[in-house]
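Protein chains get the first letters and strands the later ones, always in sequence-line order, with residue 1 at the start of each. Predicted model, so just to flag it, every value in this text is computed and none were measured.
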2 protein chains.
Amino acid sequence: MAANGGADAEKRVRLSRDRLLRGAIAVADTAGIGSLTMRSLAQELGVKPMSLYHHVTNKEEILDGIIDLVFSEIEPPAADADWRSAMRHRAISARGVLGRHPWAIPLMESRANPGPATLRYHDSVIGTLRRAGFSIGMAAHAFSLFDSYVYGFALQEASLPFDTATAPDVAESIMAQFPTGGYPYLAELTTEHVLQPGYDYGDEFEFGLDVILDSLERLLTMADAPRIDGSRSGR
Amino acid sequence: MAANGGADAEKRVRLSRDRLLRGAIAVADTAGIGSLTMRSLAQELGVKPMSLYHHVTNKEEILDGIIDLVFSEIEPPAADADWRSAMRHRAISARGVLGRHPWAIPLMESRANPGPATLRYHDSVIGTLRRAGFSIGMAAHAFSLFDSYVYGFALQEASLPFDTATAPDVAESIMAQFPTGGYPYLAELTTEHVLQPGYDYGDEFEFGLDVILDSLERLLTMADAPRIDGSRSGR
DNA sequence: ACCTGAACACCGTTCAAGT
DNA sequence: ACCTGAACACCGTTCAAGT
């Protein structure tokens with residue numbers, strides 16, 4: 001470990017804002033966001049708690065910073081991709097990122113200071129829609145629907161009491177708590193579908209995603225060739 | 001908050017688990033979930049911190065309890081409602097509830113112990129779908145899509161840095177931080193649409209909801225009268 | 001310039017006691 | 001039975017100092 005003074009990646013590296021934020025993500029990923037304290041982070045970085053305040057003004061700034069780093073992990077689509085595959089690519093990447101950092105999802109609620117990567121991501125989504133021909137109003141609709149679904153799915157996936165792919169026994173023990181007959185539809189869905197060998201809740205993601213993309217595509221072509229009665233969507 | 005009972009709702013009422021949980025919701029609603037501590041809750045209830053432990057084993061149990069109380073606020077649809085208006089009614093009610101208790105949304109992620117109201121809500125949604133004729137697999141798809149959208153929209157609405165309806169000036173100050181030209185599509189959408197007088201982000205909710213309900217209706221009728229080529233949804 | 005020890009006002013929770 | 005004071009091991013953060 002402490003062989004020479006060279007490039008050991010241990011605690012000899014100078015502290016920096018970037019190293020601090022990446023350390024914070026590492027702590028949150030492995031021990032949960034609840035375990036991320038100034039003291040635990042300092043220990044992770046081989047430094048004393050007070051040193052952190054030299055690179056960051058307070059813990060809030062750390063939370064803002066790691067959320068933006070999470071957004072930066074979302075892959076941008078290929079430059080020449082059509083709007084639909086661009087949206088699809090982004091959604092799948094975003095879900096993967098939020099799956100790797102589930103603690104980030106609830107955090108997004110309280111962060112009022114979006115960072116550059118967050119703004120870039122949103123700008124890029126809206127840009128894809130606008131260039132595809134969505135009007136401003138339709139782009140706002142589509143953006144809201146798309147992002148709500150992606151975040152909501154990630155939130156739900158993270159809150160699943162059972163990881164169906166790896167621990168069906170846990171699901172069964174939860175099922176067993178259902179007062180018999182109290183939740184018949186939930187019981188049916190769980191035992192006859194969710195607990196079946198091949199089922200993986202994650203697979204639901206692409207189904208919903210394609211339903212939404214189908215709908216957006218329909219709206220787009222409807223706008224191109226409006227009907228005589230001028231009506232838009234249902235209701 | 002303190003004025004629901006007929007007699008003095010002050011500190012003279014005996015402490016109970018229900019009064020404790022409702023006090024916790026009152027604190028979270030007015031001061032934020034971050035301000036909900038055993039000490040602040042005790043003060044709200046006119047009691048000493050240690051008294052709380054007589055009705056609840058720890059703070060985790062309080063969080064589980066208030067999440068379930070939030071779910072219990074979601075209005076069940078009329079018994080004779082058709083599936084579509086039942087789903088619509090529930091979604092709108094759920095969004096209203098989560099809007100009143102925005103702190104509950106991130107909390108749902110970490111709660112692995114769903115309470116009776118939570119289970120009843122989910123059972124009721126799945127039941128509506130099953131009775132409408134959705135197969136188990138389709139009900140799982142529809143359930144995932146529907147719930148993801150509702151939670152995701154609420155999450156996004158809660159995380160909006162600007163409350164467009166009441167404080168457009170805040171939005172403008174945030175806009176001003178955008179490095180000029182750095183986020184052109186975001187800037188366009190914000191200045192030319194979101195900041196316009198009549199705009200309320202909340203109105204996006206019903207648009208996306210109806211898109212989703214339209215899609216589900218299409219899936220349901222397609223399942224009733226399958227096409228010759230057997231294809232399902234796009235791609 | 002960067003790092004740190006001691007200290008302060010907070011947490012959740014245990015334990016032994018009060019009525 | 002229900003409530004509580006004192007205490008413990010934690011927090012985030014300030015401040016004055018070290019190199």
Chemist: Among residues at least two apart in sequence or on other chains, which ones pass ring pair (Phe, Tyr, Trp, His ring centres under 6.0 Å) with B:F146?
Modeler: none
Chemist: List, with names and distances, any nitrogen or oxygen atoms from the protein found under 3.5 Å away from nitrogen or oxygen atoms belonging to nucleotides 6-11 of chain C.
Modeler:
none

Chemist: Sequence neighbours left out, what passes salt bridge (charged side-chain N to carboxylate O under 4.0 Å, His left out) with A:E75? Give chain and number order.
Modeler: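 Counting only residues at least two positions away or on another chain, A:E75 forms no salt bridge (charged side-chain N to carboxylate O under 4.0 Å, His left out).
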Chemist: Would you mind writing out the side-chain donor-acceptor pairs for residues 42-53 of chain A within the sub-3.5 Å range, not counting sequence neighbours?
Modeler:
| unit_1 | atom_1 | unit_2 | atom_2 | d |
| --- | --- | --- | --- | --- |
| A:S51 | OG | A:K48 | O | 3.2 |

Chemist: Using the salt bridge (Lys or Arg N to Asp or Glu O under 4.0 Å) rule, collect all pairs that involve residues 93-106 of chain B, keeping only residues at least two apart or in two chains.
Modeler: B:E73-B:R100, B:R95-B:E157
Chemist: Under a 3.5 Å cut-off on both pairing distances, which runs of 3 or more consecutive Watson-Crick or G-U pairs involve DNA chain D?
Modeler: C:4-8 with D:12-16, C:12-16 with D:4-8
Chemist: From OH of B:Y53 over to C1' of C:dT13, roughly how many Å is that when rounded to an integer?
Modeler: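 Nearest whole value for this atom pair: 5 Å.
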Chemist: Going by the rule ring pair (Phe, Tyr, Trp, His ring centres under 6.0 Å), which residues pair with A:H55 if we only count those two or more places apart in sequence or in a different chain?
Modeler: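 Residues passing ring pair (Phe, Tyr, Trp, His ring centres under 6.0 Å) with A:H55: none at all.
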Chemist: Whether A:H55 contacts C:dC3 is assessed here as follows: a side-chain N or O lying under 4.0 Å from the phosphate OP1 or OP2. Is that the case?
Modeler: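 Yes, A:H55 has a side-chain N/O under 4.0 Å of OP1/OP2 on C:dC3.
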Chemist: My understanding is that only residues two or more places apart in sequence, or in another chain, count here; which of them pass salt bridge (charged side-chain N to carboxylate O under 4.0 Å, His left out) with A:D203?
Modeler: none
Chemist: Donor-acceptor pairs under 3.5 Å, side chain of residues 114-127 of chain A to any protein atom, not counting sequence neighbours: which ones?
Modeler:
| unit_1 | atom_1 | unit_2 | atom_2 | d |
| --- | --- | --- | --- | --- |
| A:T118 | OG1 | A:D68 | OD1 | 2.7 |
| A:H122 | ND1 | A:T118 | O | 3.4 |
| A:H122 | NE2 | A:D147 | OD2 | 3.4 |
| A:H122 | NE2 | A:Y151 | OH | 3.3 |
| A:D123 | OD1 | B:Y185 | N | 2.8 |
| A:D123 | OD1 | B:L186 | N | 2.7 |
| A:S124 | OG | A:R90 | NH1 | 2.1 |

Chemist: Among C:dT13, D:dT13, D:dC2, which nucleotide has an atom closest to any side-chain atom of B:H54?
Modeler: D:dC2
Chemist: Measure from the side chain of A:K48, starting at C-beta and using heavy atoms only, and say which of C:dT13, D:dG12, C:dG5 lies closest.
Modeler: C:dG5
